[in-house]
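These notes concern the structure reproduced below.
When a ligand or atom number is given, it counts from 1 through the structure's own listing order. Quick note: residue numbers are just sequence positions, from 1.
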Amino acid sequence: MKKHSYFKHLCLGALLTAGMNWASTAQAEHIMKIDTRRMGASVQPTMYGLFFEDINFAADGGLYAELVKNRSFEFPQSLMGWTVQGNVEVRTDGPFDRCPHYVRLTDPLHYERRTGLVNEGFFGIGIAEGEDYRFSVWAKAPQGNAAIRVQLINPTSQKEQQEFTNDTIRINSAEWHRYELLIHAPLTERHAQLRIYLVGSETADLEHISLFPKATYNNRENGLRRDIVETLRDLHPGVMRFPGGCIVEGTNLQNRYQWKKTLGPVENRPLNRNRWESCFDYRSYPDYFQSCGLGYYEYFLLCEDIGAEPLPVMNVGMACQFQNWDNAYAHAPLESLQSYIDDCLDLIEFANGPADSQWGRVRADMGHPEPFHLKMIGVGNEQWGQFYFDRIPAFVKAIRARYPDIKIVGSSGPDSEGKMFDAGWKEMKRLGVDLVDEHFYRPEDWFLNSGLRYDSYDRRGPKVFAGEYACHGKGKKWNHYGTSILEAAFMTGMERNADIVHIAAYAPLLAHVDGWQWRPDLIWFDNLDVVRTTSYYVQQLFSNNRGTHVLSLTMDNRIVAGQEGQDSLFASAVADKNRGEVIIKVVNTGSYPQDITLQLQGLRGALPVDVTRLTHSGMDDENTIANQHLIEPTTSHLVTIGESKHSTLNDSVPAKSLTVYRIKMIRP
Ligand code: AHR
């Protein structure tokens with residue numbers, strides 16, 4: 001390991017801070033040659049994507065902006081999430097056949113008592129001062145008239161009143177109707193609750209009690225949290241895989257994800273168990289269900305909103321293999337796969353079919369007559385072994401026959417290498433799927449040593465979808481800066497091999513700070529705030545600088561992937577043909593800064609360079625709700641040295657850093 005001259009770097013640091021060009025003629029030790037004259041493989045627009053799964057309260061309680069938990073009283077314990085007082089009766093002959101429960105509030109017949117109920121929200125209800133909230137309820141008054149009071153409260157308030165809003169709704173019909181109220185928030189409260197109680201002595205029936213911020217993303221009524229969608233959008237994702245993950249499979253086939261049940265009016269979408277609810281004894285959330293208010297239509301809209309290609313993952317007639325191991329009976333018998341196959345074919349029609357086709361009409365009726373332009377479909381989540389190999393061929397055959405242009409994504413299972421992984425790849429090649437979804441949650445040394453992973457991949461078979469990955473620190477399985485830098489190092493290898501790696505997505509995507517089951521995650525949030533982790537910034541730096549074509553980058557004629565003698569450096573280069581720029585990413589995973597010279601073959605003159613750097617000295621640090629901006633990339637500007645043969649740039653890359661150089665390609 002090269003020892004570093006501190007004096008030199010102090011000077012360099014000062015110059016960089018001042019945004020000046022360091023025009024030293026001294027040759028740095030590490031000369032990286034970037035050949036800008038020959039464009040290599042195309043970088044797919046899908047290259048950096050998202051993987052969304054409803055884990056860690058990512059959907060209900062997270063991205064889906066509904067603030068009321070168990071709004072339709074469909075949880076197995078009908079009043080879970082609600083505290084009741086007085087005469088509250090749960091009834092089951094409501095107006096929505098697939099969500100039949102509702103509550104009847106009757107007079108307690110005692111002047112001091114009240115009948116009402118309070119919803120606790122998802123770890124409270126986040127209310128922001130100055131924002132408007134849309135309260136709605138389906139209600140009827142059996143005697144023709146009734147009234148309810150609707151309040152937002154702070155139950156632990158030290159003020160005179162717990163309530164900070166107070167409204168009344170008059171129910172004036174014995175038939176079910178939807179009533180709505182706009183509530184203006186006078187203050188900010190992270191853990192508010194919603195209180196509703198009967199006013200007067202007339203009975204009221206209430207169903208589907210809902211509260212949304214008015215300002216959802218694109219102001220949709222059944223909308224998504226604006227701040228979270230903006231955070232996703234800022235990643236410029238090329239693709240979004242959804243809805244999972246293991247929830248596609250379910251603990252058993254009964255609670256697998258069934259997209260058809262997630263369409264139509266939200267009031268009548270049946271509740272589903274969330275497979276993550278009690279998956280881990282040590283992080284158990286018995287109140288974690290899927291309302292499916294964020295359903296397939298909303299997923300497609302989200303993809304459209306953030307400019308990501310949709311990549312739905314379909315159940316392949318298998319329940320979660322982790323939860324069922326060798327149990328053949330957990331899966332659909334081979335002769336009963338047709339309805340699962342139909343789900344795939346119908347989904348393609350739902351997304352792309354004309355508005356007068358059976359499923360295209362459903363889409364059109366929901367408000368989107370234009371197709372969603374689906375191009376890919378995943379068959380099976382993280383499947384492996386014979387159960388999978390027995391089932392997937394029928395799906396591939398049927399999809400190919402009806403939709404030959406749709407790309408099919410198969411799985412190589414949960415391992416990053418080894419017997420199971422090899423068997424998966426072999427079978428996927430034999431079947432001729434278009435992409436193979438690889439998953440790897442691996443420790444530091446794996447990421448450090450996998451810089452060359454894709455350089456030796458067979459170029460003749462399916463392409464790679466690195467569909468779920470993250471560096472899980474040994475003994476530190478939570479977000480911290482040190483692992484993010486290793487992810488960056490690994491990603492240079494994916495980028496260099498963009499001819500075979502067509503999509504990559506960090507996983508999981510979202511986590512509620514009060515309701516997570518799995519760490520690390522890309523984005524954390526609470527009821528009011530969103531935190532971009534350092535892994536988020538790594539993803540963003542790659543995604544926003546993905547370029548269009550791979551360029552050759554070598555050091556001593558070798559690929560730069562932390563190899564022997566490379567002083568822990570990793571690097572890759574791409575050209576952005578549209579913007580006329582060269583983009584170089586250099587990662588230093590070592591403990592010392594490294595002097596580098598970027599030699600831009602084919603370019604001459606003094607060229608302007610944007611240098612964006614993610615660097616931090618505390619390896620265990622991370623952005624948090626309390627300290628959201630602790631570690632963020634910063635940008636400065638340099639100019640290359642226009643030497644006679646080619647432009648060069650000298651720089652010092654700090655220890656444990658990712659640097660992105662964007663250089664204008666001005667040809668001699
Ligand atoms: O991302 C969390 C889980 O990891 C996914 O649900 C599953 O596909 C993988 O095992």
Side-chain angles (χ1 to χ4, degrees), residues 49-60 62-63 232 237 239-253 255-257 272-280 282-283 285 288 290 294 299 311-316 318-325 330 377-385 387-388 392 409-418 420-421 424 428 435-443 446 464-473 477-479 483 487 503-512 515-524 533 535-536 539:
L50 303 178
F51 162 53
F52 180 90
E53 174 168 27
D54 187 3
I55 181 173
N56 305 320
F57 284 83
D60 290 309
L63 180 60
L232 301 181
V239 61
M240 186 178 95
R241 172 173 168 249
F242 60 88
C246 294
I247 67 160
V248 168
E249 304 155 82
T251 310
N252 53 49
L253 286 176
N255 57 50
R256 73 188 190 276
Y257 197 94
N272 196 10
R273 239 197 97 197
N274 190 306
R275 172 226 179 279
W276 294 106
E277 147 217 287
S278 49
C279 180
F280 304 122
Y282 49 91
R283 303 287 307 175
Y285 292 89
Y288 193 3
Q290 302 175 70
L294 166 52
Y299 279 124
L311 171 42
V313 182
M314 305 302 288
N315 187 296
V316 65
M318 296 178 70
C320 178
Q321 290 185 268
F322 279 113
Q323 287 177 315
N324 294 284
W325 284 106
I377 190 165
V379 181
N381 168 41
E382 188 181 76
Q383 321 297 164
W384 67 84
F387 293 141
Y388 184 43
I392 185 177
V409 182
S411 165
S412 59
D415 290 346
S416 46
E417 50 268 304
M420 211 149 83
F421 174 84
M428 294 309 109
L435 292 118
V436 176
D437 184 6
E438 300 187 339
H439 295 178
F440 35 91
Y441 300 99
R442 292 291 180 262
W446 188 92
V464 173
F465 172 20
E468 292 183 29
Y469 71 90
C471 181
H472 283 197
K477 239 178 102 195
W478 51 81
N479 288 83
T483 50
E487 286 155 9
I503 318 176
Y506 181 100
L509 183 61
L510 292 169
H512 194 301
W516 58 271
Q517 297 83 47
W518 182 296
R519 294 188 298 189
D521 303 287
L522 197 64
I523 298 163
W524 287 82
T533 63
S535 289
Y536 174 96
Q539 293 294 319

Checklist entry - Backbone or side chain, does any N or O of Glu382 fall under 3.5 Å from an N or O of ligand 1? => result yes

Checklist entry - Under 4.0 Å from ligand 1, counting heavy atoms only, is it the side chain of Asn381, its backbone, both or neither? => result side chain

Checklist entry - Which ligand 1 atoms are under 4.0 Å away from a heavy-atom of Pro508? => result 1 (O)

Item to check | Test ring-ring contact (aromatic ring centres under 6.0 Å, His included) applied to Tyr441 and Trp518, step by step | outcome: CA-CA 11 Å; Tyr441 300 99; Trp518 182 296; 4.9 Å; yes

Checklist outcome for this item: Numbered in order shown, the ligand 1 atoms found under 4.0 Å of a heavy atom of Gly245 are 5 (C), 6 (O), 8 (O)

Checklist entry - When you check the gap from the basic side-chain N to the acidic O, do Arg241 and Glu468 get nearer than 4.0 Å? => result yes

Next on the checklist: Which residue and atom name correspond to the protein heavy atom nearest atom 1 (O) of ligand 1, and how close is it?
Outcome noted: Tyr441 OH, 2.7 Å

Next on the checklist: Would Glu53 count as being in polar contact with ligand 1, using the rule that some N or O on each side must be under 3.5 angstrom apart?
Outcome noted: yes

Item to check | Ligand-side contact atoms (ligand 1) for residue partner Phe51, heavy atom cut-off under 4.0 Å | outcome: 1 (O)

Next on the checklist: Angle between ring planes, Phe280 versus Tyr282, binned at 30° and 60°: parallel, tilted or perpendicular?
Outcome noted: parallel

Item to check | Distance, nearest 0.5 Å, that separates CZ of Phe242 from CG of Leu509 | outcome: 13.0 Å

Next on the checklist: Heavy-atom contact check, 4.0 Å cutoff: does Trp276 meet ligand 1?
Outcome noted: yes

Next on the checklist: Ignoring hydrogens and geometry beyond distance, is a side-chain donor-acceptor pair present between Ser535 and Glu487 at under 3.5 Å?
Outcome noted: yes

Item to check | Residue of the set Asn381, Asn324, Asn255, Asn315 for which side chain to side chain donor-acceptor pair (under 3.5 Å) holds with Glu249 | outcome: Asn381

Checklist entry - Considering only protein heavy atoms, which is closest to atom 3 (C) of ligand 1, and at what distance to one decimal place? => result Glu468 OE1, 3.7 Å

Checklist entry - So is Cys246 polar-close to ligand 1, meaning N/O to N/O under 3.5 Å? => result yes

Checklist entry - Can you find a pair of side-chain heavy atoms, one from His472 and one from Phe440, that are under 4.5 Å apart? => result no

Next on the checklist: Could you check whether any heavy atom of Gly244 sits closer than 4.0 Å to an atom of ligand 1, since that is the contact criterion I want to use?
Outcome noted: no

Next on the checklist: Would you compute the distance between atom CD of Gln517 and atom CG of Asn56 and round it to the nearest 0.5 angstrom?
Outcome noted: 5.0 Å

